[in-house]
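Everything below concerns the one structure shown next.
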Number of protein chains: 2
Amino acid sequence: MPAQLLQSHQLKATKQRRELLLLMQREHRPRTAEQLQTKLKDVSLATVYRMMDDFLQAGLVNRVDLGHGHTHFEYADPKHHHHHLICDDCGRIEDVRVPNETKIVLSVGRKAKFRVRRHALEFFGLCSRCQTA
Amino acid sequence: MPAQLLQSHQLKATKQRRELLLLMQREHRPRTAEQLQTKLKDVSLATVYRMMDDFLQAGLVNRVDLGHGHTHFEYADPKHHHHHLICDDCGRIEDVRVPNETKIVLSVGRKAKFRVRRHALEFFGLCSRCQTA
DNA sequence: TTCTAGTTGAGAAAGATTCTCAATTAGATA
DNA sequence: TATCTAATTGAGAATCTTTCTCAACTAGAA
Ligand SMILES: [Mn+2]
Ligand SMILES: [Mn+2]
Ligand SMILES: [Zn+2]
Ligand SMILES: [Zn+2]
């Protein structure tokens, strides 16, 4: 599947790209370039970053800023669009869906005459466990 | 005003902090540490970063990720909470308010039993000028 | 099988942010 | 007002993340 998905975006289906895309589909969690490289073995870190640029352009992955000082990447499954709740205390990351998000985004864009192509949204605070503690 | 605002947050009202806070209140636009330092003169870049940490903790400023590879900071005026529309083409940045945002954020937090303390939201795409061109 | 534009590895380079530590200072106290 | 001390700052080194360079390699077209 990764091979065809890559080619449908005009990307050569190299071994490295197929492996990275498959890995990200399996993980479906925000990961740093370094974390991904570790699980890939035999792929240069520079190549991970380069592939990530390609995937971002193709819309296959999203950039996620968890406020850790380095970028995280996550597979962009259009069927499971979501955002994140990030605990300031324990660092736990939960996925969350925002009701009526599509409508909200469309209305914001329409009002400003801005064609919204993508958006980034994260919530920071205290997860349920850390609130009680 | 900056002096009292600082002290109300348990921050010593040093010359550097007063100047930086005043500058950010005037600019009310996302700025990098370096851009701010340039306008301050006689303040070390390390100090700008340190003050930014203090201000972030106090909730006086927000971190803004415009996707430029470095962090921007913006004065957090509670009376003018807003987000940004960032043009992929020309880089223009527009402020935008999201209707019923407070309600949406509260409902997301309630549903997940997560105490949301802050959130980051940016929209990327094409501004009105770049759509026609 | 051949050809070539696109891709990759390895390490250097570039940038951004943090750290170290001696010198300075805000503001509490006498 | 003068003194004292913990907090803050400047300068540059250090660290960390991301990008760049360029020679070697390969996907996929012919
Ligand atoms: Mn997720
Ligand atoms: Mn703004
Ligand atoms: Zn937590
Ligand atoms: Zn534009």
Side-chain angles (χ1 to χ4, degrees), chain A residues 1-24 30-58 60-74 91 120, chain B residues 1-24 30-58 60-74 91 120:
Chain A
M1 194 58 87
Q4 282 114 78
L5 187 51
L6 287 166
Q7 287 169 334
S8 75
H9 287 280
Q10 285 67 255
L11 294 172
K12 274 194 186 180
T14 65
K15 180 161 166 291
Q16 292 87 337
R17 282 178 179 161
R18 278 182 278 117
E19 283 186 13
L20 175 58
L21 189 53
L22 190 59
L23 172 63
M24 295 191 78
R31 294 298 189 203
T32 64
E34 195 180 27
Q35 290 175 323
L36 294 166
Q37 190 211 11
T38 297
K39 303 202 178 184
L40 287 174
K41 300 215 177 68
D42 296 328
V43 176
S44 151
L45 187 55
T47 298
V48 174
Y49 278 110
R50 280 183 296 225
M51 291 192 285
M52 226 43 96
D53 283 346
D54 297 334
F55 292 1
L56 283 166
Q57 284 251 321
L60 292 170
V61 304
N62 290 139
R63 202 188 279 281
V64 181
D65 182 357
L66 302 177
H68 292 186
H70 42 248
T71 304
H72 287 246
F73 303 93
E74 183 174 45
Chain B
M1 195 56 87
Q4 283 114 78
L5 188 51
L6 287 165
Q7 288 170 334
S8 75
H9 288 279
Q10 284 66 259
L11 294 172
K12 275 194 186 180
T14 65
K15 181 162 165 290
Q16 292 87 339
R17 283 179 179 160
R18 280 182 276 116
E19 283 187 14
L20 175 57
L21 190 52
L22 189 59
L23 172 62
M24 294 190 79
R31 292 298 189 203
T32 64
E34 195 180 27
Q35 289 175 325
L36 293 166
Q37 191 212 10
T38 297
K39 302 202 181 186
L40 286 174
K41 298 216 177 68
D42 297 328
V43 177
S44 149
L45 187 55
T47 297
V48 174
Y49 278 110
R50 281 184 294 225
M51 292 191 284
M52 227 41 98
D53 284 345
D54 299 333
F55 292 2
L56 283 165
Q57 285 250 323
L60 291 170
V61 305
N62 290 138
R63 204 187 276 285
V64 181
D65 182 358
L66 302 177
H68 292 185
H70 43 249
T71 304
H72 287 246
F73 303 93
E74 183 173 45

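Reminder, nothing fancy here: chain letters follow the sequence lines and each chain counts from 1.
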Among all residues two or more places apart in sequence or in another chain, which pass the side-chain hydrogen bond (donor to acceptor under 3.5 Å, both in side chains) test with B:Asp54? B:Arg17
Under 4.0 angstrom, heavy atoms only, what part of the nucleic acid is A:Gln7 near: base, sugar-phosphate, or nothing? sugar-phosphate
Rounded to the nearest angstrom, tell me the gap between atom CZ in A:Arg31 and atom C1' in D:dT18. 20 Å
Going by heavy atoms in the side chains, are B:Gln37 and B:Thr32 under 4.5 Å from each other? no
Backbone of A:Val43 reached by a side-chain donor or acceptor of A:Thr47 within 3.5 Å: no
Could you state the CG-C1' distance from B:Leu11 to C:dG27, rounded to the nearest angstrom? 14 Å
Just how far, in rounded Å, is P of D:dG28 from CZ of A:Arg18? 8 Å
I need the CG-C1' distance between A:Asp65 and C:dT17, as an integer number of Å. 14 Å
Distance check needed: D:dA27 C1' versus A:Gln10 CD, whole Å only. 15 Å
Protein-nucleic acid N or O pairs under 3.5 Å, nucleotides 14-17 of chain D:
from: D:dT17; atom 1: OP1; to: A:His70; atom 2: ND1; distance (Å): 3.4

So what does A:Ala13 touch, heavy atoms closer than 4.0 Å: a base, only the sugar-phosphate, or nothing? sugar-phosphate
Could you list the protein-to-nucleotides 8-12 of chain C atom pairs, N/O on both sides, closer than 3.5 Å?
from: C:dT8; atom 1: OP1; to: A:Thr14; atom 2: OG1; distance (Å): 2.7
from: C:dT8; atom 1: O3'; to: A:Gln16; atom 2: NE2; distance (Å): 2.9
from: C:dG9; atom 1: OP1; to: A:Gln16; atom 2: NE2; distance (Å): 3.4
from: C:dG9; atom 1: OP1; to: A:Asp42; atom 2: O; distance (Å): 3.0
from: C:dG9; atom 1: OP2; to: A:Ser44; atom 2: N; distance (Å): 3.0
from: C:dG9; atom 1: OP2; to: A:Thr47; atom 2: OG1; distance (Å): 2.6
from: C:dG9; atom 1: N7; to: A:Arg50; atom 2: NH2; distance (Å): 2.7
from: C:dG9; atom 1: O6; to: A:Arg50; atom 2: NH1; distance (Å): 3.1

Taking side chain as C-beta onward, heavy atoms only, is B:Leu5 less than 4.5 Å from B:Leu21? yes
Any side-chain heavy atom of A:His70 sitting closer than 4.5 Å to one from A:His72? yes
Donor-acceptor contact below 3.5 Å, side chain B:Arg18 vs main chain B:Ala13: yes
Starting from P on C:dA5, measure out to NZ on A:Lys12 and report it in whole angstrom. 10 Å
Using atom NE2 of A:His9 as one end and atom C1' of C:dG6 as the other, report the distance to the nearest whole Å. 18 Å
Are the side chains of B:Met52 and B:Phe73 in touch, meaning some heavy atoms are under 4.5 Å apart? yes
Side chain to side chain contact (heavy atoms under 4.5 Å, CB included) between A:Tyr49 and A:Thr71: does it pass, once the steps are laid out? CA-CA 10 Å; A:Tyr49 278 110; A:Thr71 304; over 6 Å; no
Exam field: side chain A:Gln7 to backbone A:Lys12, donor-acceptor pair closer than 3.5 Å: no
Protein-nucleotide distance (A:His68, atom NE2; D:dT18, atom C1'), rounded to Å: 18 Å
